[in-house]
Amino acid sequence: MSVVDEREANAARLLKISAGNSYDPDVDIDWRAPLDPERMFAPAHRLSLFGTPLWDGLTPQQRVELSRHEVASIASIGIWFEMLLMRMLLRHISDQDPRTGHVQYALTEVGDECRHSIMFARMIEAFGTPAYRPAPLERALGRYLGATAGGVQTFAAALIAEEILDALQREAMADDSLQPLVRMVSRIHVVEEARHIRYARDELARQVAASRRGFGGRVSLAYSRLMIGRAAWTVTHSLIHPGAYAAVGLDPVAARAAAWRNPAFRETLRWSAERVTAFLQELGLVEGPAKRLWRASALL
Ligand SMILES: [Fe+2]
Ligand SMILES: [Fe+2]
């Protein structure tokens, strides 16, 4: 099968899955159900301070509050990633033939991400927390990536964000001690992201193979490795906004430093990304100077 035929066959499969298995958060989620004041919003062992002296000093109520704000922070950053991915996907297909399954699937994915961002936004509203934003430098880098990313950067950056969120949400949806709203939002997102991850993995492998065939492509791969490593750094460093610590009465600067020193949190980050890290390593995208960025991101 030629590369084009294979791409089209994959797109046809993904379009069929999308048609048969999509949610409408407006009707599939009971937005009026009250939150349970006792229940955690994420498993305790996934919270960034778990196991530290700061954690030991928190009351049970403060721990629930911290979980509420950490999940709100991850959802806020999720919206930011999804908006960036939508921009990159639209740029990726702008000059391609809209009659192809490849383009039609990309548009379907933009539609999914649009619903996801609204769903996350309503969840944050229901939590009654702020919508946390990435630091100004990360936002500037995001704008740069959104305006310039080629195929390799687009699909590698998408995979890093999607797979990290996917690992955390798979665990949350299966944990019946958590807030039902968090579990339902996680379940919808996991189901719909499975096809995004498939699409990004297949397309990334094709894009890398095509880049290796020419000198210009190999030069741009070297640049892409650095951009992808920097994107990994942005993802792990933006997930938990320091405001989440301030919300439970902790000093945000000291708590953020404690989280980054916390072996349990570093292990959570490494674990959440282990599949995507291994995949990008197989494709030769975690090599050379970029490796330092991956280590600084706590993913290697
Ligand atoms: Fe999504
Ligand atoms: Fe996605």
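A quick note: this is a predicted structure, and the numbers were derived from the prediction, not measured. All values below were derived from every heavy atom in this structure, side-chain atoms included, with hydrogens, water molecules and symmetry-related copies excluded. For ligands, and for the atoms within them, numbers begin at 1 and follow the listed sequence.
Both tests pass for Arg63 against the ring of Trp55: distance under 6.0 Å to the centre and angle within 45° of the axis.
Using a cut-off of 4.0 Å between Lys/Arg side-chain N and Asp/Glu carboxylate O, Arg195 and Glu109 are scored as not salt-bridged.
Nearest N, O or S atom of His189 to the Fe ion (ligand 1): atom NE2.
Within the protein, the N, O or S atoms sitting under 2.8 Å from the Fe ion (ligand 2) are Glu113 OE2, Glu162 OE2, Glu193 OE1, Glu193 OE2, His196 ND1.
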Would you be so kind as to tabulate the donor-acceptor pairs closer than 3.5 Å made by side chains of residues 286-298, with sequence neighbours excluded?
residue	atom	partner	partner atom	Å
Ser297	OG	Trp233	N	3.2
Ser297	OG	Leu293	O	2.6

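In this view, His189 and His116, Phe120 satisfy the ring pair (Phe, Tyr, Trp, His ring centres under 6.0 Å) rule, not counting sequence neighbours. Under the side-chain hydrogen bond (donor to acceptor under 3.5 Å, both in side chains) criterion, Glu267 pairs with Arg270, sequence neighbours left out.
Annotation for Arg187: atom CZ does not count as buried by contact number, only 12 or fewer foreign heavy atoms lying within 6.0 Å.
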